[in-house]
Amino acid sequence: AQSVTQLDSQVPVFEEAPVELRCNYSSSVSVYLFWYVQYPNQGLQLLLKYLSGSTLVKGINGFEAEFNKSQTSFHLRKPSVHISDTAEYFCAVSGANTGGFKTIFGAGTRLFVKA
Amino acid sequence: DAGVIQSPRHEVTEMGQEVTLRCKPISGHDYLFWYRQTMMRGLELLIYFNNNVPIDDSGMPEDRFSAKMPNASFSTLKIQPSEPRDSAVYFCASSFDRGSSYNEQFFGPGTRLTVL
């Protein structure tokens, strides 16, 4: 069965510093990869997605992620974070191996941006 | 489009009472998902529908939980009787099948349920 592992439950970082949130997935078949963001007291919203093609994917708010098939990773990065980026970030995967038409979500990484 | 709409946004009830959560998916979407989010267990898929038909309800915690989708624009999640451990944020999400199991989901704002 498909699974998604987010390697850090919490990531504290100072404003304007770079950040990387790590995500690994398990799959032997083609998958679609997503990062969702959840701001306090809100629902999840799509940050970026990988479908095919270029392995570097750009999303909203200056975030980008790199698909690495050999390492089955899809890490999220931002070169300079803002206080407003404080939120919970979920890595997710959908595809033929997720057990029906499901999206498998990771446990989430809580990003704290400090002034 | 207004996005996925959920009501109520907040619900406070007493143990033993019936609770009904409502969801209106995005028009044209043929999949609807119900999730529960808690600090302890994270985001859990409870049930999902395709074209108003329940496909997988393996995540429904017990018989006290039931979900229906009488038409393409409306779904309910009911808890009867409610218990304090049901306190959580319940999300509804919708998507449509673009082929090859590509499933980008659109989430509602959630209903925060507190059972006293």
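Just the heavy atoms: all of them, side chains too, but no hydrogens, waters or symmetry mates, feed the values below. Chain letters run A, B, ... following the sequence lines, proteins first and then strands; every chain starts at 1.
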Peer 1: Look at atom CD of B/Glu14 and say whether more than 12 heavy atoms of other residues, nucleotides or ligands are closer to it than 6.0 Å.
Peer 2: no
Peer 1: Counting only heavy atoms from other residues, nucleotides and ligands, does the tally under 6.0 Å from OH of A/Tyr39 exceed 12?
Peer 2: yes
Peer 1: Cluster question for you: counting only ILVMFWY and a side-chain heavy-atom cut-off of under 4.5 Å, with indirect links fine, are B/Tyr35 and B/Phe96 together?
Peer 2: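 Each belongs to a different hydrophobic cluster.
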Peer 1: Rounded to the nearest 0.5 Å, what's the gap from CG on B/Leu45 to OG1 on A/Thr103? Could you check?
Peer 2: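 If we round to the nearest 0.5 Å, B/Leu45:CG and A/Thr103:OG1 are 9.0 Å apart.
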Peer 1: Short question: side chain of A/Tyr36, backbone of B/Phe107 - any donor-acceptor pair under 3.5 Å?
Peer 2: no
Peer 1: Is it the case that atom CG in B/Asp63 sees more than 12 heavy atoms from other parts of the structure closer than 6.0 Å?
Peer 2: no
Peer 1: Atom CD of B/Gln105 and atom CZ of A/Phe34: how far apart are they, to the nearest 0.5 Å?
Peer 2: 8.5 Å
Peer 1: Which atoms of A/Leu44 come close to chain B, meaning under 4.5 Å heavy atom to heavy atom: side chain ones, backbone ones, both, or neither?
Peer 2: both
Peer 1: Side chain, backbone, both or neither: which part of B/Ile55 has an atom under 4.5 Å from a heavy atom of chain A?
Peer 2: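 For B/Ile55, neither part sits under 4.5 Å from chain A.
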Peer 1: Tell me which of these, B/Gln37, B/Arg41, B/Arg112, has more heavy-atom pairs under 4.5 Å with chain A than the rest.
Peer 2: B/Gln37
Peer 1: Once rounded to the nearest 0.5 Å, what's the spacing between atom CG of A/Asn41 and atom NE2 of B/His10?
Peer 2: 7.0 Å
Peer 1: If you count heavy atoms of other groups shown closer than 6.0 angstrom to NZ of A/Lys49, is the number above 12?
Peer 2: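 Counting neighbours around NZ of A/Lys49, more than 12 heavy atoms of other residues, nucleotides or ligands fall under 6.0 Å, so yes.
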Peer 1: Against chain A, label B/Phe106 side chain, backbone, both or neither, depending on which of its atoms sit under 4.5 Å from a heavy atom there.
Peer 2: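 It is neither, since no heavy atom gets under 4.5 Å.
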Peer 1: Assigning hydrophobic clusters by single linkage (Ile, Leu, Val, Met, Phe, Trp, Tyr; side-chain heavy-atom cutoff under 4.5 Å), is B/Met15 placed with B/Ile79?
Peer 2: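 Cluster IDs for B/Met15 and B/Ile79 match.
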Peer 1: Might you confirm whether atom NZ of A/Lys114 has over 12 heavy atoms from other residues, nucleotides or ligands at distances under 6.0 Å?
Peer 2: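 More than 12 within 6.0 Å, yes.
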Peer 1: For A/Gln42, is it the side chain, the backbone, both, or neither that has a heavy atom closer than 4.5 Å to a heavy atom of chain B?
Peer 2: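 The backbone, not the side chain.
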